[in-house]
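Since the structure comes first, as structure tokens, the remarks are kept for the end.
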There are 2 protein chains.
Amino acid sequence: MGRKVAIIGAKMTKFGNLIDKTLMDLLVEPSESLIEEFKVERSSITSVYVSNLLGEISSRQTAVATALADYIGLKNVVAERIENGPASGASAIRYAFMEISSGNSNMVLVAGAEKMKTAPTDVVTDLVSMMSHPEVEYPSGATMPSLGALFARLYMQKYDVKPEHLAMVAVKNHSNAMKNPFAQFKKEVTLEQLIGPGSESFNPYVAEPLRLYDMSPITDGGAALLLADLETALSYTKKPVILEGIGESTDALALQDRDDPTELKAVRLSAEKAYRMSGIKPEEINVAEVHDAFTVLEIAISEEIGFFKKGEGKLALQNGVTKINGEKPINTSGGLKARGHPLGATGLAQATEITWQLQGLADQRQVKDASIGFTVNMGGFGSNAVSIVYRRY
Amino acid sequence: MGRKVAIIGAKMTKFGNLIDKTLMDLLVEPSESLIEEFKVERSSITSVYVSNLLGEISSRQTAVATALADYIGLKNVVAERIENGPASGASAIRYAFMEISSGNSNMVLVAGAEKMKTAPTDVVTDLVSMMSHPEVEYPSGATMPSLGALFARLYMQKYDVKPEHLAMVAVKNHSNAMKNPFAQFKKEVTLEQLIGPGSESFNPYVAEPLRLYDMSPITDGGAALLLADLETALSYTKKPVILEGIGESTDALALQDRDDPTELKAVRLSAEKAYRMSGIKPEEINVAEVHDAFTVLEIAISEEIGFFKKGEGKLALQNGVTKINGEKPINTSGGLKARGHPLGATGLAQATEITWQLQGLADQRQVKDASIGFTVNMGGFGSNAVSIVYRRY
């Protein structure tokens, strides 16, 4: 089933409020940084895939992949933009994977970016909501936080998940982000601050039961990966990271149309596809980045991807299993919650963290002897998901 | 190099002012029409690629491929949107091609659409221009017609192309569109009307030397293709159309940065890649759809793709070689000029016309014994192009 595909290296910009950077800056900087570090002849790169959602609106740009190829001096290449909601980054990796495994290309650059801080929060909340159902959700005023709240309420009821469990995700991920120089938030938070008496002013409700610190933030940022067939990759690095499996799945678009609204079926099915392709089981994974757009999702996803049984994700969390030094570290980067969530860049930032973990480049966040990693990137509120299994060479 | 990939069938909506249709309607209608005609089990389709440029702005939608999968009842599939300026349609075909040839999928639906008639013309002209260079073109007020005019002036001077040659393209393509029930324009035009005395009121200058009838129109429309590996395709149709070669190439983004601004290097290089992959020479092609966003482009492209020598495209045109009954029919559908140019749907409409020609379904436009076809779809003003070579089974 084709050649082995490997990541040579991964780079990202700092995430946060990057008001002085353009969309092109956020794509060019990590791309150029990869080309320079690995001393890549530009003529070796034959395709460029860009993941981005809102370039038309944020930057009045279409055909942004062609623009990136031009800006970084690539000639006569394939250049296309992939958009799959907030899973655009992982979808772009999937495209590169197929291109290399099938022998169409030996080296592909994948870059993703989003400019979100230029508009007021309510405008951005509206733009982000455009991924929901165009008839039964978006026009009714449904936003991602409101859908997240509906999910949270049902899921928490069914599995007896308490507000403190959600807060534990935020505490862990903010703590991890303290160790990540690229993260948006550099601020420890405590359970007391988040849910203690009087916490409503520090951590107000946004859409009950979700509070401010249950939400991933609005973020500017960019990230890029350089991928190649394994043989080519080995001529650039001694530490390639092999993409062993990629799976994607849709689910019903509207939350109300799902068989069970407390399930994240797209996440589960995409993970199953990735496990099957890789021959790797969830038990073997050493480190994972999952799509914690809301704190409750980290718990639910940790179950859907087979790390824990249904209803036991909260226990793993409260027992420290998902901490950096736990048995099953999740979101060592700080996750969407604290590293930040620039939509088109998020899937690539997840892959970047896992690449760094498997290459031993994660500094204070390094998971000891990490050799197998996993990411899951959600597009829409559970309507699409892309899972990837990575292995250290 | 992988399995043979074939088009089972192609469908499109009527192109034009479809103010009552939503973006989803324009994607769903041709998709459902394919599923019904070929009696496809929905579970057989494992991936859906959507080509679309302006959904965020026209319809406030992202993640539109996931929405299409949901609307037409596909479950647990891959669903992604591809955007490569007005070449998005051909790029989406390229993605499907790779997925099938590499064995990742046996059947893929590709659908493309654009809603452009909801905004005033000047607003749409601005939106379309977002594919130009984000620093040296777009912010200076460059629009596609103004870039087209710069190109036309230089190209016409260099190769002694006269205004009547441009008008001949419009006359031919409007005449072809009269025979195409799906075309936007149903109106014959004459050389006299376009360039005769007093023609300025019927055919005013937009950006000299380009006049109104040198421009492709603003269009709503959708189109879809069903693709499969050849073996699977043969279980649905006796007339599959094989994709023998696909090539894509970028050129400098800004017109001013090109080595020679009268060349369309991306078109030439993409065609060379497609010819190489297919083993088919330009002399063997029986029918072609090329990206006549401006009349002058049809002439220039007919040279870059190797149909005619440089400077001789105008002669072929004036001698009737490119008419439906000529030796080298070009734009039998009416082309972008008269069939219409709904950006995200255009590449699929080109592929639809060639599919119909090679399946013998082109009615009054049928090119006799057409067995090998060609399309070239431009993204940006010559900054990206995707060429495809098709062969009748």
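All chains are named by letter (A, B, ...) in the order of the sequence lines, taking the proteins before the strands, and each is independently numbered beginning at 1.
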Proximal component of [X], with respect to chain A [non-hydrogen, under 4.5 Å]:
X: B:Met24; value: side chain
X: B:Ala65; value: neither
X: B:Tyr138; value: side chain
X: B:Leu74; value: backbone

Determine the option with the most heavy-atom pairs under 4.5 angstrom with chain B, choosing from [options].
options: A:Pro134, A:Pro86, A:Gly85, A:Gly55; answer: A:Pro134
options: A:Val128, A:Val64, A:Thr62; answer: A:Thr62
options: A:Glu135, A:Met131, A:Glu56, A:Lys75; answer: A:Glu56
options: A:Val386, A:Asn84, A:Val77, A:Asp257; answer: A:Val77

With a 4.5 Å cut-off on heavy-atom pairs, point out which of [options] contacts chain A the most.
options: B:Pro139, B:Ser249, B:Gly379; value: B:Ser249
options: B:Ile82, B:Val48, B:Leu23, B:Leu127; value: B:Ile82
options: B:Leu253, B:Asn384, B:Asn76, B:Asp251; value: B:Asn76
options: B:Ser129, B:Ala252, B:Gly380, B:Ala69; value: B:Ala252
options: B:Ile57, B:Thr46, B:Val50, B:Thr22; value: B:Ile57

Looking at every heavy atom in both [X] and [Y], which two are closest together, and how far apart are they?
X: B:Ala87; Y: B:Asn377; value: CA-OD1, 3.2 Å
X: A:Leu348; Y: A:Ala111; value: CD1-C, 3.3 Å
X: A:Ser383; Y: B:Thr66; value: O-CG2, 3.4 Å
X: A:His341; Y: A:Thr219; value: N-OG1, 2.9 Å

Please answer whether the main-chain N or O of [Y] pairs with a side-chain N or O of [X] as donor and acceptor at a distance below 3.5 Å.
X: A:Glu248; Y: B:Ala79; answer: yes
X: B:Arg81; Y: B:Leu53; answer: yes
X: A:Lys115; Y: A:Lys21; answer: yes
X: A:Glu114; Y: A:Gly344; answer: yes
X: A:Ser101; Y: A:Phe97; answer: yes

Looking only at heavy atoms, which of residues 265-274 of chain A get nearer than 4.5 Å to chain B? A:Leu269, A:Lys273
Decide yes or no on ring-ring contact (aromatic ring centres under 6.0 Å, His included) for A:His133 and A:Phe381, but give the supporting numbers first. CA-CA 10 Å; A:His133 195 292; A:Phe381 192 84; over 10 Å; no
Nearest 0.5 angstrom please: B:Ser44 OG to B:Leu109 CG, how far? 12.5 Å
Between the side chains of B:Glu80 and B:Tyr95, is a donor N or O closer than 3.5 angstrom to an acceptor N or O? yes
